[in-house]
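Okay, here's the structure, questions in a sec.
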Amino acid sequence: MKSPDLHNILGFVPQADLDTLRADAEYSNALLSTGEGKGSDFLGWVSLPSSITTQFLSEIKSAAARLREKAEVVIVIGIGGSYLGAKAVLEALGNPFTAPRIVFAGHTISEDYMAQLMDSVKEKQIATIVISKSGTTTEPAIAFRIVKQEIERRYGKQEAAQRIVAITDASRGALKSVATEAGYQTFVIPDDVGGRYSVLTPVGLLPLAVAGIDIDALVAGATRMEAATASTVKFDQNPAAIYAAARYALYKKGFKIEILAAYEPGLQYFAEWWKQLYGESEGKEGKGIFPASVIFSTDLHSMGQYIQEGERIIFETVISVAGSRHQVAVPCSDDDGDGLNFLAGKRLSEVNHKAEQGTIQAHVDGGVPNIRIEIPSITPDSLGELMYFFEKACGISGYLLGVNPFDQPGVEVYKKNMFKLLGKPGY
Ligand code: PA5
């Protein structure tokens, strides 16, 4: 990927403001390496890509191969960081018009969703990957109970144990105990890697390998970005430090909402992953940029109006995809009844890029600063690179803001209320 293009924020934030943040951004990045910042128990993700061995990847691939052999559909159970990374990559790389091998559960308590999911797999061979770091999260625990019962009912306990893989903490939590007792294959989420930074652990890698995604390339892209954003890399060469400083400078100028915009619908869940990463990492102590997302040009016909003319507290970060993986051109029409022959022969990607250029200009003119991040195309390698880039920038951003980017104390509040209302013992 190219370094973030900041020239469309300079009308809103003087270069001098960015210059004063250089040292702070470099220092924040250094804290991620030295472990002297807040939340330093959760820095395992920083060197994760380069520490992944080929042997580890082989273990993941052989577990994936076994599940592929046994099941037509694998139900991946998890919520938050325990599903969004895999979902983001799958949606970006999969074909939306072919039947999925992976379906997700446990990220919602919707009765209708669960009923429809179970109905959709009743004629299919199934297996499941259940993911929960704590092993105690209610949503995936409920889904797992339902899926486990169905698998045991269909195949018996012994075969069920071959069709269930658990990804959880090394030693703690209810899921670990259940998995050990039943003899499920298990993978460990390292203690020092929090949920939203866990896409390159088995949490993301196993479901992606089951789906046939090239996880070696995903890890290779992330490893390259690990080197490109290392604490030894100076601010001007470090894309993560540049992005973190830019968004912090905008925040200080009153731009409190960041909209991640992409012109590829396949990146919708990438944006959801990004929102979780930044929302949970930064939104605390009464501070933080609110992360939102849009898919253009689709949402230009809905959110576009607000972005162009609503309250001026928004900045946009565009993920610009230079090349598409397929070719479709606008056909020529003999009568040109719709007046579109001026586009005849042009690739849709060319039209899409013009839409992007025109929109960026319109929004900047309308008072919305713009950061542009260009990737060559949507591939496992470029997604791995982009994910690590956003993780690193998020760590730096959190430290610039003065918060602990690796905890999520606010997430507990609704749980206490829900448990009390449901009559859970002790609440
Ligand atoms: O980022 C996080 O830590 C959270 O979003 C968790 O991933 C989410 O709450 C699920 O937790 P667990 O994996 O413990 O079930």
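As the structure is a computational prediction, the values presented were derived from the model and not from experiment. Read the numbers this way: they start at 1 and go in the same order the structure lists the ligands and their atoms. Quick note: residue numbers are just sequence positions, from 1.
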4.5 Å side-chain heavy-atom contact, I146 and M118 |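 They are in side-chain contact.
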Give a yes or no on whether a salt bridge exists between R247 and E282, defined as a side-chain N under 4.0 angstrom from a carboxylate O.
->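 Counted as a salt bridge, because a side-chain N and a carboxylate O are separated by less than 4.0 Å.
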Does the ring center of F42 lie less than 6.0 Å from the ring center of Y197?
->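 Not under 6.0 Å, so no.
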At less than 3.5 Å, what protein N or O atoms come close to the N or O atoms of ligand 1? Include the distances to 0.1 Å.
from     : atom 1 : to   : atom 2 : distance (Å)
ligand 1 : 1 (O)  : R196 : N      : 3.0
ligand 1 : 1 (O)  : R196 : NH1    : 3.3
ligand 1 : 1 (O)  : Q276 : NE2    : 3.2
ligand 1 : 1 (O)  : E280 : OE1    : 2.9
ligand 1 : 3 (O)  : G195 : N      : 3.4
ligand 1 : 5 (O)  : G81  : N      : 3.3
ligand 1 : 5 (O)  : Q276 : NE2    : 2.6
ligand 1 : 5 (O)  : E280 : OE1    : 3.1
ligand 1 : 5 (O)  : E280 : OE2    : 3.4
ligand 1 : 7 (O)  : G81  : N      : 3.0
ligand 1 : 13 (O) : S82  : OG     : 2.7
ligand 1 : 13 (O) : K133 : N      : 2.7
ligand 1 : 14 (O) : K133 : N      : 3.4
ligand 1 : 14 (O) : S134 : N      : 2.8
ligand 1 : 14 (O) : S134 : OG     : 2.7
ligand 1 : 14 (O) : T137 : OG1    : 3.4
ligand 1 : 15 (O) : S132 : OG     : 2.6
ligand 1 : 15 (O) : T137 : OG1    : 2.5

Electrostatic pair R154-E150, nearest N-O below 4.0 angstrom |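 Looking at E150 together with R154, the answer is yes, because their closest N to O distance falls below 4.0 Å.
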What do you reckon, are the aromatic ring centroids of F270 and W274 less than 6.0 Å apart?
->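 No, ring centres 6.0 Å or more apart.
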For Q125 and Y155, test the side chains for any donor-to-acceptor distance below 3.5 angstrom and give the result as yes or no.
->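 The answer is yes; a qualifying pair exists.
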